[in-house]
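Count residues from 1 along the sequence. Hydrogens, waters and symmetry mates are skipped; everything else that's a heavy atom, side chains included, is used.
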Amino acid sequence: MTPRALMFQGTGSNVGKSVLVAGLARALTRRGLKIRPFKPQNMSNNAAVTSDGGEIGRAQALQALACGVMPSVHMNPVLLKPQSEQGSQIIVQGRVWGQRQARGYQEVKPLLMPAVLDSFARLQAEADIVLVEGAGSASEVNLRRHDIANMGFAEAADLPVILIGDIDRGGVIASLVGTQSVLPASDHERIRGFIVNRMRGDLSLFDDGMRFIAERTGWAPCGLVPFFGRMRELPPEDTGDLAAGWQGKGALRVVVPLMPMIANFDDLDALRAEPEVATAFISPGEALPPCDLVILPGSKATIADLDFFRTQGWDIDLRAHHRRGGRILGLCGGYQMLGRSIADPDGLEGRACRREGLGYLDIETELRPMKTVRQIEGHLLPSEAPVAGYEIHAGVSVGSGMTRPYVRFVDGRYDGAQSEGGQVCGTYLHGLFDSAASRATVLTQFGRISEPFDNTQRILTALDALADHLEEHLSIEKMLSLC
């Protein structure tokens with residue numbers, strides 16, 4: 001018997017598909033079922049690294065955690081990592097496949113469908129149920145011809161679909177009913193049910209709305225889900241999920257400039273959860289405010305983000321911060337920016353070019369086609385606090401600043417650089433703050449005491465709360481009967 005599968009599509013982007021799939025995966029896993037998450041195509045610079053050194057979207061790694069299994073490249077066989085407003089790097093089954101502008105990508109999608117179906121079949125072979133997440137909007141009929149993310153995949157894999165609408169953004173009745181009206185009959189007949197997500201206030205006020213949608217579309221109402229108050233405890237996937245302004249009331253103030261191609265910003269989640277810390281993502285057009293620590297995060301287009309950093313005047317703000325004795329930490333792309341120069345001789349991020357860095361660390365970086373992607377463990381220096389995380393970068397850095405490394409990996413390699421006295425540090429390591437010991441080390445440098453929580457357990461606790469939330473407000477048995 002072929003394992004069951006159910007696909008969740010949305011009326012638009014950011015309607016809560018990823019979180020609903022994660023919560024449902026957790027709920028069904030707790031029932032003793034073998035659940036696997038699957039997203040044919042994702043677009044995100046917030047990537048996770050699998051144990052075999054592949055890349056997938058961060059949301060699928062969260063969903064794998066909800067299922068109690070290790071993330072696999074087959075959970076997200078096509079990952080698009082934006083490098084500009086119109087171009088992306090294409091990752092297929094965890095490995096770099098190529099680069100395309102938006103229009104050019106539409107032409108190559110048929111070449112990727114075999115890999116997508118292969119990955120889906122692999123997950124089916126090990127699961128009782130595969131929960132499939134669509135991308136963007138189900139109603140993108142202009143992209144339907146070669147679609148591999150929504151109805152095109154649902155047709156290829158012969159899947160039933162549940163459509164999700166977001167009432168919090170308004171117009172949810174029109175968006176759900178309107179989706180049916182623009183889809184061809186063969187597509188909208190695949191939709192068997194619908195969910196209205198992020199309801200605030202009195203649920204009974206939308207009883208008539210649920211009935212209207214059901215009567216107008218013929219789809220089964222599968223639940224009206226109230227807004228989940230613990231959303232911030234789950235790793236965000238999109239920059240739109242990053243709240244501007246200060247979060248937390250701790251005495252240690254940490255500032256992160258929000259650059260256009262920011263990547264792997266979940267690096268900061270555990271630090272932001274510390275009660276002794278207050279963090280702020282600073283939006284373009286705002287000055288970097290006085291703080292204790294400025295963190296330059298990862299980037300998918302380091303040179304472009306470095307140029308943007310300067311156009312915002314943040315380089316001037318950073319110099320003032322440094323003169324006041326404030327600390328600076330660079331993570332991956334941010335580490336590269338803190339050096340003397342960054343060269344891109346092969347035009348990996350656009351045109352071949354070279355830029356002067358911010359000049360705080362005595363290193364020089366050259367971007368190269370061969371990408372480093374691996375999980376790693378090691379120790380912070382000089383504290384020897386254990387750390388575990390991953391590398392995911394295309395650059396190679398050299399220079400005398402690396403004689404004062406920031407991390408020693410268990411394989412004997414050294415990573416990163418520090419200025420004399422340690423006021424400025426940088427590393428290629430992602431996941432620096434996930435370890436309670438490494439967070440404590442950073443906070444101790446500022447005279448603060450860390451709360452020794454396990455970050456993975458913190459996320460699992462939030463997933464359990466989400467599963468409880470969905471058990472109460474979704475008709476899970478009805479949804480399972482549809483597949």
Side-chain angles (χ1 to χ4, degrees), residues 5-18 20-21 37-44 56-57 59-60 63 73-82 85-93 97-124 130-166 175-195 217 219 237-238 482-483:
L6 186 60
M7 188 169 192
F8 294 83
Q9 297 185 26
T11 57
S13 297
N14 200 30
V15 299
K17 298 185 294 292
S18 296
L20 286 177
V21 169
F38 182 74
K39 185 160 185 171
Q41 172 192 294
N42 198 354
M43 176 178 281
S44 177
I56 62 172
Q60 281 61 66
Q63 292 161 359
V73 296
H74 299 296
M75 294 173 180
N76 175 208
V78 177
L79 174 62
L80 305 179
K81 304 188 75 173
E85 288 295 323
Q86 296 187 8
S88 294
Q89 182 181 69
I90 305 171
I91 309 294
V92 178
Q93 291 184 333
W97 186 87
Q99 299 180 135
R100 289 293 189 280
Q101 295 297 101
R103 182 167 294 278
Y105 176 65
Q106 302 308 314
E107 298 168 359
V108 303
K109 284 197 290 188
L111 303 178
L112 305 181
M113 182 64 96
V116 169
L117 292 173
D118 171 65
S119 289
F120 179 65
R122 290 170 184 260
L123 292 182
Q124 276 193 307
V130 180
L131 301 179
V132 182
E133 178 189 341
S137 171
S139 60
E140 292 169 346
V141 293
N142 55 310
L143 303 177
R144 175 63 176 87
R145 183 182 174 202
H146 296 312
D147 176 56
I148 64 174
N150 289 306
M151 287 300 177
F153 177 76
E155 178 184 37
D158 193 20
L159 298 182
V161 174
I162 292 178
L163 188 64
I164 301 168
D166 178 9
S175 63
L176 286 163
V177 175
T179 296
Q180 186 188 61
S181 70
V182 301
L183 290 176
S186 58
D187 281 348
H188 74 63
E189 287 172 2
R190 288 195 172 277
I191 302 176
R192 309 291 170 76
F194 68 93
I195 295 170
T217 62
W219 302 333
E237 185 178 38
D238 300 313
L482 300 176
C483 65

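Contacts of K81 classified as side chain to side chain contact (heavy atoms under 4.5 Å, CB included), with partners at least two apart in sequence or in another chain: N45, A47, E55, L79, Q89, I91, K300, K371, I392. Considering only residues two or more places apart in sequence or on other chains, F194 meets the ring-ring contact (aromatic ring centres under 6.0 Å, His included) condition with none of them. With sequence neighbours left out, N150 forms a side-chain hydrogen bond (donor to acceptor under 3.5 Å, both in side chains) with no residue at all. Listed by chain and residue number, nothing satisfies the ring-ring contact (aromatic ring centres under 6.0 Å, His included) test with F8 (two or more places apart in sequence, or in another chain). Under the rule for a side chain to side chain contact (heavy atoms under 4.5 Å, CB included), the partners of T11 that lie at least two apart in sequence or sit in another chain are V15, L163, S175, L176, T179. Scored by the side chain to side chain contact (heavy atoms under 4.5 Å, CB included) test, P37 finds Q63, C67, M75 as partners (sequence neighbours excluded). Applying the side-chain hydrogen bond (donor to acceptor under 3.5 Å, both in side chains) criterion to D147, with sequence neighbours excluded, gives no partner residue. Judged as a side-chain hydrogen bond (donor to acceptor under 3.5 Å, both in side chains), and not counting sequence neighbours, the contacts of D158 are R190. By the salt bridge (Lys or Arg N to Asp or Glu O under 4.0 Å) test, E140 pairs with no residue at all, sequence neighbours left out. Contacts of K17 classified as salt bridge (Lys or Arg N to Asp or Glu O under 4.0 Å), with partners at least two apart in sequence or in another chain: none. Judged as a side-chain hydrogen bond (donor to acceptor under 3.5 Å, both in side chains), and not counting sequence neighbours, E189 has no contacts.
When every heavy atom of S88 is checked against every heavy atom of P82, the shortest pair comes out as OG-CA, 3.4 Å. Looking at every heavy atom in both residues, P77 comes nearest to A115 through CB-O, 4.2 Å. Minimum interatomic distance between G87 and Q101 (heavy atoms only, all atoms of both residues): CA-OE1, 3.4 Å. Summarising the geometry of Q41 relative to A149, their closest heavy-atom pair is CB-CB, 3.9 Å, with the distance given to 0.1 Å.
Considering only heavy atoms from C-beta on, V73 stays 4.5 Å or farther from S119 through its side chain. Within the 4.5 Å cutoff, side-chain heavy atoms of L6 are placed close to those of P160. Residues E133 and Q60 form a side-chain contact, since some pair of their non-hydrogen atoms from C-beta on lies under 4.5 Å apart. Counting heavy atoms from C-beta on, the side chains of I90 and L80 come closer than 4.5 Å. Side chains of L183 and I191 form a contact here, defined as non-hydrogen atoms less than 4.5 Å apart. Residues Y105 and L112 have side chains in contact (heavy-atom distance under 4.5 Å, counting atoms from C-beta outward).
Once rounded to the nearest 0.5 Å, the distance linking NE2 of H188 with CE of M151 reads 9.5 Å. Taking CD1 of I162 as the reference point, atom CD1 of I195 lies at 5.5 Å (rounded to 0.5 Å). Separating the CD atom in Q180 from the OG atom in S139 is a distance of 12.5 Å, to the nearest 0.5 Å. Atom CG in D166 sits 11.5 Å away from atom OG in S13 (nearest 0.5 Å). The distance from atom CE of M7 to atom NZ of K39, rounded to the nearest 0.5 Å, is 9.0 Å.
For Q9 (side chain) and V161 (main-chain N/O), no donor-acceptor pair under 3.5 Å exists by modelled atom type.
Counting only N and O atoms by type, the side chains of S186 and E155 include no donor and acceptor under 3.5 Å apart.
Ring geometry for F120 versus F153: interplanar angle over 60°, hence perpendicular rather than tilted (30 to 60°).
Under the side-chain contact (heavy atoms from CB on, under 4.5 Å) test applied with F38, the options L131, L123, N76, V21 reduce to a single match, L123.
Residue pairs meeting the salt bridge (charged side-chain N to carboxylate O under 4.0 Å, His left out) criterion with at least one member in residues 112-121, sequence neighbours excluded: D118-R122.
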